[in-house]
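Note that the coordinates shown come from a computational prediction; the quantities given were computed from them, not determined experimentally. Reminder, nothing fancy here: chain letters follow the sequence lines and each chain counts from 1.
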2 protein chains.
Amino acid sequence: MSGAAETSELYELIRLIRPVHRRLARAVEAKLVGTGISVGMRAVMEVLDEAGATSVPDIGRALFLARQQIQLLVNDLEKLGLIGRHPNPAHKRSPLFALTDSGRTQFGEIRAGEDADIALVSKRFSSAEVAAAQQVVCALLDHFAEFEDDPNRPRGLE
Amino acid sequence: MSGAAETSELYELIRLIRPVHRRLARAVEAKLVGTGISVGMRAVMEVLDEAGATSVPDIGRALFLARQQIQLLVNDLEKLGLIGRHPNPAHKRSPLFALTDSGRTQFGEIRAGEDADIALVSKRFSSAEVAAAQQVVCALLDHFAEFEDDPNRPRGLE
DNA sequence: CTCATAATGACAATAATATTGTCATTATGA
DNA sequence: TCATAATGACAATATTATTGTCATTATGAG
């Protein structure tokens with residue numbers, strides 16, 4: 001095993017984050033043209049597909065976004081019939097939202113199209129390389145949470 | 001060496017990109033408070049620090065941003081005296097911009113502060129791990145360029 | 001050299017995303 | 001019971017990014 005990485009190596013990785021974020025967003029957007037689904041709406045569908053019925057604030061926490069932002073996306077998704085609301089046993093005013101059959105079908109098609117592209121890249125790398133990338137990026141996410149004034153974080157004593 | 005990565009592994013990495021981008025931007029921003037320098041202006045300074053005197057369109061290409069965006073940032077940086085213009089032998093109307101002494105000093109201080117944070121993360125990983133991460137993310141950047149309608153790309157025949 | 005084409009600065013408008021604020025209502029927990 | 005936190009709803013704003021236009025200057029093909 002080689003020694004600790006140089007700071008400059010990680011810095012070069014960080015410099016790639018903004019451009020790659022823009023390009024991924026564009027790629028996702030390109031596959032959504034004509035569906036009436038935005039990138040944000042797709043992100044909410046992703047959470048619901050993975051976690052099942054979820055409240056608006058919890059979706060926000062999963063996506064590191066403010067609940068106000070999520071509320072708008074959820075409203076749009078409900079209008080399109082892609083998600084539906086269900087009683088929340090834990091909170092009378094805050095319903096749970098889950099994908100409808102239509103929503104699940106459409107999201108599956110979207111994901112299948114995306115995976116076709118992702119597979120082209122993933123096959124060029126070993127499992128270990130992708131895993132390392134994920135761990136490093138995840139560490140960045142954790143470390144730089146210190147500057148986050150997350151409006152959704154559960155408030156303890158303060 | 002293990003075999004090719006699963007698509008799902010790379011997908012999980014991709015899901016981290018947006019949140020980590022936001023957090024890194026916030027972290028950068030936090031260190032710029034009080035300097036009058038924005039994240040965008042800092043990005044331009046980074047290009048000039050690395051590449052030396054550069055024209056506005058070339059800065060845009062380096063950052064994958066439209067020249068119109070760069071022009072605004074460059075105007076602001078010039079007003080602050082952080083960059084200065086120099087004649088461009090290759091183009092009469094398009095001057096080259098370079099960091100002034102003041103700009104170079106300030107950028108150096110900014111980078112030093114950033115590196116202190118980055119070092120805390122980089123020391124947790126091997127050089128090979130960070131290199132793998134960089135290669136994977138770079139491959140994503142390359143691959144998803146297909147959806148890019150880059151307004152700055154040099155036009156060939158079309 | 002001439003001329004069509006591309007690049008550039010400048011200005012403008014818009015869109016998309018993200019952030020912040022507020023308030024009435026409902027839950028939660030001490 | 002009561003102070004505190006969470007939530008939906010509505011609103012405003014900020015930031016970033018994108019797109020459009022036009023006059024001027026370069027560039028390169030012929």
Side-chain angles (χ1 to χ4, degrees), chain A residues 17-26 28-30 32-33 37-44 54-61 63-76 78 85 87-97 147-158, chain B residues 17-26 28-30 32-33 37-44 54-61 63-76 78 85 87-97 147-158:
Chain A
I17 296 296
R18 189 192 56 83
V20 87
H21 168 244
R22 291 308 309 152
R23 289 196 172 174
L24 288 169
R26 277 189 177 246
V28 170
E29 197 177 21
L32 293 174
V33 169
I37 301 171
S38 68
V39 177
M41 289 160 73
R42 179 212 161 281
V44 170
T54 309
S55 71
V56 166
D58 281 341
I59 298 171
R61 280 182 276 269
L63 293 173
F64 304 96
L65 282 172
R67 64 193 168 79
Q68 289 92 331
Q69 177 93 336
I70 304 298
Q71 189 74 52
L72 301 174
L73 299 171
V74 163
N75 292 347
D76 290 341
E78 194 179 22
R85 60 177 65 196
N88 183 353
H91 204 299
K92 192 185 297 179
R93 288 184 64 215
S94 189
L96 300 177
F97 290 91
F147 300 97
E148 197 85 357
D149 183 26
D150 186 349
N152 291 322
R153 81 178 187 281
R155 253 67 178 181
L157 303 173
E158 65 178 354
Chain B
I17 297 296
R18 189 191 56 82
V20 86
H21 168 242
R22 291 306 309 152
R23 289 196 172 175
L24 288 169
R26 278 189 177 247
V28 169
E29 198 178 20
L32 293 174
V33 168
I37 300 172
S38 69
V39 177
M41 290 159 72
R42 180 213 161 280
V44 170
T54 310
S55 71
V56 166
D58 280 341
I59 298 170
R61 280 182 276 269
L63 292 173
F64 304 96
L65 281 173
R67 64 193 168 81
Q68 289 90 334
Q69 179 91 337
I70 304 299
Q71 189 75 54
L72 301 174
L73 300 171
V74 164
N75 292 346
D76 291 341
E78 196 179 20
R85 58 177 67 197
N88 183 353
H91 204 300
K92 192 184 297 180
R93 288 185 65 215
S94 190
L96 300 177
F97 289 92
F147 300 97
E148 196 84 355
D149 184 26
D150 186 348
N152 292 323
R153 83 177 185 282
R155 253 66 177 185
L157 304 173
E158 65 178 352

[X] versus [Y], closest heavy-atom pair with distance:
X	Y	value
Leu96(A)	Pro89(A)	CD1-CD, 4.3 Å
Asn88(B)	Ser94(B)	ND2-O, 2.8 Å
Leu73(A)	Ser38(A)	CD2-OG, 4.2 Å
Ile37(A)	Arg42(A)	CG2-N, 3.8 Å
Thr54(B)	Asp58(B)	CG2-CB, 3.4 Å

Rounded off to whole Å, could you give me the [atom1]-to-[atom2] distance for the [X] and [N] pair?
X	N	atom1	atom2	answer
Glu78(B)	dG9(C)	CD	P	12 Å
Arg67(B)	dA10(C)	CZ	P	11 Å
Gln69(B)	dT14(C)	CD	P	18 Å
Arg93(A)	dT26(C)	CZ	C1'	6 Å
Leu24(A)	dA17(D)	CG	P	15 Å
Glu29(A)	dT19(D)	CD	P	9 Å
His21(A)	dA16(C)	NE2	P	15 Å
Leu32(B)	dT16(D)	CG	P	11 Å

As a test of reading the structure: which of [options] is closest to the side chain of [X], going by heavy atoms?
X	options	result
Val56(A)	dG8(D), dG9(C), dA18(C)	dG8(D)
Arg61(B)	dT17(C), dT22(C), dT8(C)	dT8(C)
Leu65(B)	dT8(C), dT20(C), dT18(D)	dT18(D)

Which nucleotide, in any strand shown, forms a Watson-Crick or G-U wobble pair with [N], with both distances under 3.5 Å?
N	answer
dA29(D)	dT2(C)
dT21(D)	dA10(C)
dG29(C)	dC2(D)
dA16(C)	dT15(D)

Any Arg18(B) side-chain nitrogen or oxygen under 4.0 Å from OP1 or OP2 of dT17(C):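 No, because none of the side-chain N or O atoms of Arg18(B) sits under 4.0 Å from OP1 or OP2 of dT17(C).
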N/O (side chain, Arg22(A)) to phosphate O (OP1/OP2, dT18(D)) under 4.0 Å: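 The answer is yes; a side-chain N or O of Arg22(A) sits under 4.0 Å from OP1 or OP2.
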Residue met sooner reading DNA chain D from 5', once Ser55(A) and Leu72(B) are mapped to nucleotides: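 With Ser55(A) and Leu72(B) compared, the 5'-side residue is Ser55(A).
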Test item: Arg18(A) side-chain N/O and Phe64(B) main-chain N/O as donor-acceptor pair under 3.5 Å: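 The answer is no, because no donor-acceptor pair under 3.5 Å joins these two groups.
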Touch class at under 4.0 angstrom, heavy-atom based, for Gln71(B) against every strand present: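 Sugar-phosphate contact only.
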Residue whose nearest DNA chain C nucleotide is more 5′ - Ala90(A) or Asn75(B):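 Its nearest nucleotide being more 5', the pick is Asn75(B).
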Distance-only donor-acceptor test (3.5 Å): side chain Gln68(A), base dG21(C):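 Check passes, donor-acceptor contact within cut-off.
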